[in-house]
Amino acid sequence: MWQVPASVEELKRIAVEIRCDIIEMTCEAGAGHPGGSLSAADIVTALYFRIMRIDPQRPDWPDRDRFILSKGHACPVWYAALAERGYFDKSHLRTLRKLDSILQGHPDMRKTPGIDMTAGSLGHGLSAGVGMALAGRLLQKDYHVWVIVGDGEVQEGSIWEAAMAAAKWKLDNLTAILDRNHLQNDDCVDTEMPVEPLADKWRAFGWEVVEIDGHDMEQIVRTLEWARDFRGRPVMIIAHTIKGKGVSFMENQVVWHGKAPCREEAEQALRELRSCLV
Amino acid sequence: MNKVDPGRYHQLLPEVIPLLASEELLFGAKAQATRYAYAEAIIELGERNPKVVVLDADVSKSVGTSKFAEKFPDRSFNFGVAEQNMMAAAAGMATAGLIPFATTYAVFASMRALDQVRNSIHYPRLNVKIAASHGGLTPGPDGVTHQGQEDLSLIRAIAHSTIVAAADAPTTKLAVWAAAEWDGPVYLSFTRDPVPILFDMSYPFEIGRAVVIREGEDLTIVAIRDMVCQALLAAEMLAGEGIQARVIDCHTLKPLDEGTILEAARQTGAIVTAESNIMYGGLGSAVAEVLVENYPIPMKRVAVGNRFAESGPYRALIKKYGLSAEHIAGAAREVLQRKRR
């Protein structure tokens, strides 16, 4: 079991382990979304091992911080983090997408301990986060709601409905992190349906916006801590990331959005990832 | 005009029974849009239960939930014209233990936000109540874009869904309170236009339990929402011809009270369904599924056909589009002929 809260150095090691889990589980499943899982791995690691107020023994603890992976297809990163954090045994990771598994192809809050919101249909998670943040305020709970959205996902109109609402209610107990990895299922985000200027858009919608390197652990931790304590309006962290980060042949390749590595590819990926540890 | 026999009725207000002799009499008496009954019920609920919150999408003045907002400003959330966001936010609120009533018109609740309603509310079985006004053809003059003629079918197709559409204002209040006690999503359907007040608060309302409101032996009319009063009018037309129709207020479309329907099928041998929903997938389909698999008997659906309606007064529309008491009575004569063959 890892020590929490983890230091930046420890977080980097945990992130490598989570990336290895992502490769192992998608390879074993023969399907899934490794690219967008790898791009979000550092942020999810920081949240679960340093930032969030959670208790793996009490996944339904009413005062816990909430996490929503609005880009639900990247759930391998969520499952890996939950397993590494002790929500359930790591052996479950090998059952991803298989019959009778607690780990569904997209996150199911009724099947997996620690999943705070079912996700999969894009554009819902930020709205659900708005609802959780409003509920927290009404129920006088000081939990924080963290939502990761994809850069392809912000093509969904409902994301901007949620953006308006979060600003209207000045939801400073809500932080969104945009995994800006530039690739979506079919193509490059910027050619398929351009989403820029992202920072200007979110600012115009009334959010406090910062941009970070989504793979610089120190910057991630510092920014998440700052966002948690920021008051007056919701925070959007645009995290510049690399799809497939950590695996040379997956990085920036659109094909790895929704394709699992074969055993050979997985072995190569694991060798590369583990070489960062020495 | 024949004389109405009060001995055949259950639950009906005594003063309403003689009015069943004609539509003019019935609609000339006390009536209320059930959306306003919802708006009243939700205020009483808000007083009793601090976890009840109301979500609106820019139609709070139309539905009447603006009164809840005045009384409980902390527990009222207007999302503007953004039904998708409202539904998924309602789901998020429910995860924290609140009981959100997400309020909009049927067309928007069931179509604009259907993805959120399916994936974020029903799939995780979150405790969200969807309050859908403007059901069926009741928003007559607004025209087709605002007439919710598919919502019962669409929501019925979703796993874990519960659908309640009460016949009048008092039973709508009971339905709203029952929905708040129900663990899980409930889709509540209301009328835009006034419908006659048939019952009072002593009505034995229970989600999933249809109520026989008129005794009859020759056939059964199973009706929902605004068609219940039309079914009663039809029953009296038929009584004038010596035909006694049982009438069932099937306020819960899902879970369907199969027991009450099959008992009526066995005892009366013919069934007509009546709904101001499209003929595909709503009450008629639900009843047909139960009959075909268990006790096939002559049956006919009175419902909106394979078409869109148009703008016009509600009561004129249901006549033009084949949903009025005359049409129900006609369907009854047809199934009786088939029953007797």
Side-chain angles (χ1 to χ4, degrees), chain A residues 59-68 70 72 104 106-112 115-143 145 147 149 156-169 171 173-174 205, chain B residues 46 49-58 69 72-102 104 108 112-130 158-160 183-185:
Chain A
D60 295 327
W61 180 32
D63 294 323
R64 73 190 185 282
D65 282 356
R66 268 69 169 173
F67 175 71
I68 301 172
S70 195
Q104 297 295 292
H106 290 81
D108 180 337
M109 65 186 291
R110 298 298 187 195
K111 286 205 159 74
T112 315
I115 297 288
D116 290 319
M117 185 66 208
T118 294
S121 182
L122 295 172
H124 293 206
L126 191 58
S127 299
V130 166
M132 288 181 192
L134 285 170
R137 184 180 285 175
L138 182 64
L139 297 167
Q140 295 182 317
K141 297 206 170 286
D142 65 348
Y143 61 70
V145 183
V147 183
V149 298
E156 288 281 7
S158 60
I159 286 286
W160 302 99
E161 297 183 2
M164 269 187 275
K168 167 186 170 174
W169 283 300
L171 296 178
N173 54 348
L174 171 73
F205 273 74
Chain B
N49 190 337
K51 289 190 170 160
V52 167
V53 293
V54 172
L55 284 61
D56 289 296
D58 200 38
F72 305 104
D74 295 351
R75 288 195 271 151
S76 168
F77 304 91
N78 200 324
F79 282 78
V81 192
E83 295 82 5
Q84 299 176 66
N85 183 41
M86 175 178 73
M87 290 299 178
M93 288 180 175
T95 66
L98 295 178
I99 307 175
F101 280 71
T104 180
F108 309 130
R112 172 59 71 103
L114 182 58
D115 185 34
Q116 282 77 6
V117 165
R118 176 190 187 263
N119 286 310
S120 283
I121 295 176
H122 285 87
Y123 175 31
R125 293 192 303 279
L126 287 168
N127 198 21
V128 174
K129 315 307 169 187
I130 300 165
I158 301 175
H160 309 144
D183 183 21

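Computed from heavy atoms alone, side chains included, the values below leave out hydrogens, waters and symmetry copies. Letters go in sequence order (proteins before strands), and every chain restarts at 1. What you are looking at is a predicted structure, and each value in this text was computed from that prediction instead of being measured.
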Subject >> Nearest heavy-atom neighbours spanning Ala119(A) and Gly72(A) >> reply: CB-CA, 4.1 Å
**OP:** Sort Leu126(B) into side chain, backbone, both or neither according to what part of it lies under 4.5 angstrom from a heavy atom of chain A.
**Re:** both
Subject >> Donor-acceptor under 3.5 Å (Asn78(B) side chain, Asp58(B) main chain) >> reply: yes
Original post:
Can you tell me if Ser120(B) uses its side chain to pair, donor with acceptor, with the backbone of Ala88(B) under 3.5 Å?
Top reply: no
Original post:
Can you tell me if Asp65(A) uses its side chain to pair, donor with acceptor, with the backbone of Tyr143(A) under 3.5 Å?
Top reply: no
Original post:
Among Arg75(B), Lys51(B), Glu83(B), Gln84(B), which residue forms the greatest number of heavy-atom pairs with chain A at distances under 4.5 Å?
Top reply: Gln84(B)
Original post:
chain B heavy atoms under 4.5 Å from Trp160(A): which part of the residue, side chain, backbone, both or neither?
Top reply: neither
Original post:
Of all of Ser158(A), Ser121(A), Gly123(A), Ser127(A), which one pairs up most often with chain B through heavy atoms under 4.5 Å apart?
Top reply: Ser127(A)
**OP:** Pick whichever of Val145(A), Leu134(A), Asp60(A) has the most heavy-atom pairs under 4.5 Å with chain B.
**Re:** Leu134(A)
**OP:** Please flag which part of Arg125(B) lies under 4.5 Å from any non-hydrogen atom of chain A: side chain, backbone, both or neither.
**Re:** both
Subject >> Contacting region of Arg66(A) [heavy-atom separation from chain B under 4.5 Å] >> reply: side chain
Subject >> Spacing of CZ belonging to Arg118(B) relative to NE2 belonging to His124(A), to within rounding of 0.5 Å >> reply: 10.0 Å
**OP:** Under 4.5 Å, counting heavy-atom pairs only, tell me which of Val81(B), Asp74(B), Leu55(B), Asn85(B) racks up the most with chain A.
**Re:** Asn85(B)
**OP:** Might you confirm whether atom CZ of Arg64(A) has over 12 heavy atoms from other residues, nucleotides or ligands at distances under 6.0 Å?
**Re:** yes
Original post:
Highest number of heavy-atom pairs under 4.5 Å with chain A: which of Ala94(B), Ala82(B), Gly92(B)?
Top reply: Gly92(B)
**OP:** Answer yes or no: is there a side-chain heavy-atom contact under 4.5 Å between Lys141(A) and Asn173(A)?
**Re:** no
**OP:** Please determine, among Leu138(A), Val130(A), Asp116(A), Ile159(A), the option with the most heavy-atom pairs under 4.5 Å with chain B.
**Re:** Leu138(A)
**OP:** Sort out for me which residue in Ile121(B), Ile99(B), Val52(B), Val54(B) forms a side chain to side chain contact (heavy atoms under 4.5 Å, CB included) with Lys129(B).
**Re:** Ile99(B)
Original post:
Of the backbone (N, CA, C, O) and the side chain (C-beta and beyond), which part of Lys168(A) lies under 4.5 Å from a heavy atom of chain B, both, or neither?
Top reply: side chain
